[in-house]
Amino acid sequence: MGVASAALAAAALTGAASPAAASRAHPAQPGRHHAPDYYVSLGDSLAAGYQPNVGGDTDESYTDQLYTQLKKHDPNLVHIKLGCSGETTQTMISGGICSYPGATSQLDAAVKFLDAHRGQVRYVTLDIGANDVDGCATATGLDMTCAAQGIATVATQLPQIAEAVHQAGGREPQYVGMNYYDPFLAAWLTGPAGQTLAQQSVTLSTAFNGTIQTGLRASGFELADVSRTFSTDDFTRQVTVPGIGKLPVNVARVCEWTWECTPYQNIHANTLGYGVIAGVFERVLERRR
């Protein structure tokens, strides 16, 4: 899922990029007289389903789990999965990490598909930006100058991405983008210095996610508020996590739904966490079903 200092959970974070991730379609069984409908998913390693225990992308991503749920309501639905581990806002626009046949970048592939299938695309989901702040966390804390630069890049380029997608797809699809959880909350487990880092990371996460929300909504996307579902800013409530003990609920969510509190110490969501993220998207989409 690629996440960076801001809360990133999300995303392709560690810079682990999947090889050529061209548009992978999961075909449905179309009805006799019914052309397929499409769900187009764009994003970073969270959309691609990266899992550290297998060292690569999987079919356990939130996009795959969301597709399974959406297909229950539309058996003809086909998933066009474009997510690319390691993707930044810049590489989504210009390419350079994953390859897409007939397209120069993930955004180019999405725009071309949407334009060619006007009226057939029902859903478009997006997560991007985590890798723009990835690397801003250091052994001694958060590099706020680095983070500010990354957030500024997202503020400029996310609206460009979302607007291009929306213009290509037209009015028919539902467009939903997500903000990020904060994997750096796991530093809480390391003691006083780590707890200070965790609190600082939430401040950064709030600014980062605010930038994402503004960029998405200005471009006609609804928000899947993953950060809220992960209780990112809630240090007050305490819950018990088996094998660890009592933790603030925001730290507990990261421990339960990502690989951060395991020997992998990895920011990506686990299968359960990807399911939680899928559920956030599904609830937004259900409003118009």
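Of the inter-residue distances, the one linking His79 atom NE2 with Lys71 atom NZ reads 12.0 Å to the nearest 0.5 angstrom. Expressed to the nearest 0.5 Å, how far CD of Gln213 lies from CE of Met178 amounts to 13.5 Å. In this structure, CG in Leu126 is found 7.5 Å from CZ in Phe281, a value given to the nearest 0.5 Å. A distance of 5.5 Å separates CD1 in Ile161 from CE in Met92, rounded to the nearest 0.5 Å. The CH2 atom of Trp257 lies 9.5 Å from the CD1 atom of Ile277; values are rounded to the nearest 0.5 Å. The distance from atom CG of Leu158 to atom CD1 of Ile212, rounded to the nearest 0.5 Å, is 6.5 Å.
Remark: side-chain polar atoms of Gln106 are paired, donor with acceptor, to backbone N or O of Gly43 under 3.5 angstrom. A donor-acceptor pair under 3.5 Å is absent between the side-chain atoms of Arg253 and the main chain of Thr258, judged by distance alone. Remark: side-chain polar atoms of Asp44 are not paired, donor with acceptor, to backbone N or O of Asn131 under 3.5 angstrom. No side-chain donor-acceptor contact under 3.5 Å links Gln265 to the backbone of Glu260. Looking only at distances, no side-chain donor or acceptor of Ser227 sits under 3.5 Å from a matching main-chain atom of Asn179. Between the Gln157 side chain and the Gln90 main chain, a donor and an acceptor come within less than 3.5 Å of each other. A distance-only check finds a donor-acceptor pair linking the side chain of Thr206 to the backbone of Val202 [under 3.5 Å]. Between the Asp115 side chain and the Val111 main chain, no donor and acceptor come within less than 3.5 Å of each other. Checked by atom type and distance alone, the side chain of Lys72 never pairs as donor or acceptor with a backbone atom of Tyr67 at under 3.5 Å. Put simply, the side chain of Thr211 never gets that close to the backbone of Ile151: no donor and acceptor are under 3.5 Å apart.
Checking Ser61 against Asp64 by side-chain atom types alone, a donor-acceptor pair falls below 3.5 Å. If you check the side chains of Thr153 and Asp132, you find no donor sitting under 3.5 Å from an acceptor. Under 3.5 Å, the side chains of Tyr180 and Asp127 contain a donor-acceptor pair of N or O atoms. Inspection of the Thr91 and Thr88 side chains reveals an N or O donor paired with an N or O acceptor under 3.5 Å. Residues Gln199 and Gln195 have side chains that never bring a donor and an acceptor to within less than 3.5 angstrom of each other. Between the side chains of Asn250 and Asp182, no donor-acceptor pair of N or O atoms lies under 3.5 Å. A donor and an acceptor atom, one from each side chain of Trp259 and Gln51, are located under 3.5 Å apart.
When every heavy atom of Ala35 is checked against every heavy atom of Asn76, the shortest pair comes out as O-CB, 4.4 Å. Considering every non-hydrogen atom in both Cys136 and Ala147, the closest pair reads SG-N, 3.4 Å. For the pair Ser105 and Gly95, the tightest heavy-atom approach, listed with the atom from each and the gap, is CB-N, 3.3 Å. Pairing each heavy atom of Tyr264 with each of Pro52, the nearest pair is CE2-O, 3.7 Å. Nearest heavy-atom pair across Leu272 and Glu256 is CD2-O, 4.1 Å. Scanning both residues, Pro36 and Val78, for their nearest heavy atoms gives CB-CG2, 3.8 Å.
Inter-residue side-chain proximity for Thr63 and Tyr39 is flagged as met; some heavy-atom pair is nearer than 4.5 Å. By the 4.5 Å heavy-atom criterion applied to side chains, Leu142 and Leu204 are counted as neighbours. The side-chain heavy atoms of Val284 and Leu223, taken from C-beta on, include no pair separated by under 4.5 Å. The shortest distance between side-chain heavy atoms of Pro173 and Arg122 does not fall below 4.5 Å. Put simply, the side chain of Gln238 reaches to within 4.5 Å of the side chain of Pro248, judged on heavy atoms. Contact annotation: the side chain of Thr58 never approaches that of Tyr50 to less than 4.5 Å [non-hydrogen atoms, C-beta and beyond]. Here the side chains of Thr125 and Gln174 are not in contact, with every heavy-atom distance at 4.5 Å or above. Residues Leu82 and Tyr100 are in side-chain contact: their nearest non-hydrogen atoms beyond the backbone lie under 4.5 Å apart.
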Exercise. Evaluate side-chain contact (heavy atoms from CB on, under 4.5 Å) for Leu247 paired with Thr240, printing each intermediate quantity in order.
Key: CA-CA 6 Å; Leu247 295 172; Thr240 299; over 6 Å; no
Practice problem: Could you walk me through whether Gln65 and Asp59 pass side-chain contact (heavy atoms from CB on, under 4.5 Å), step by step? | Solution: CA-CA 8 Å; Gln65 295 192 48; Asp59 289 332; over 6 Å; no
Exercise. Start with the C-alpha distance between His166 and Ser219, add both sets of side-chain angles, then the distance that settles side-chain contact (heavy atoms from CB on, under 4.5 Å), and finish with yes or no.
Key: CA-CA 7 Å; His166 199 284; Ser219 307; 5.6 Å; no
Quiz item: Can you list the steps and then say if Leu70 with Leu285 is a side-chain contact (heavy atoms from CB on, under 4.5 Å)?
Solution: CA-CA 9 Å; Leu70 296 174; Leu285 294 172; 3.9 Å; yes
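Cluster annotation: Val239 is not connected to Phe230 through the hydrophobic network of ILVMFWY side chains, with a link wherever side-chain heavy atoms come within less than 4.5 Å. In the hydrophobic clustering of ILVMFWY residues, with side-chain heavy atoms under 4.5 Å counting as a link, Val251 and Val249 come out apart.
Ion pairing between a basic and an acidic side chain is recognised when a charged N comes within 4.0 Å of a carboxylate O; Glu286 and Arg283 show no such pairing. Checked for salt-bridge contact, Arg237 and Asp234 meet the test: a charged N lies under 4.0 Å from a carboxylate O. With respect to Glu222 and Arg217, no salt bridge is recorded, no charged nitrogen being found less than 4.0 Å from a carboxylate O.
The aromatic rings of Tyr175 and Phe221 sit tilted, their planes meeting at an angle between 30° and 60°.
For Tyr38 and Tyr123, the distance between ring centers is not under 6.0 angstrom.
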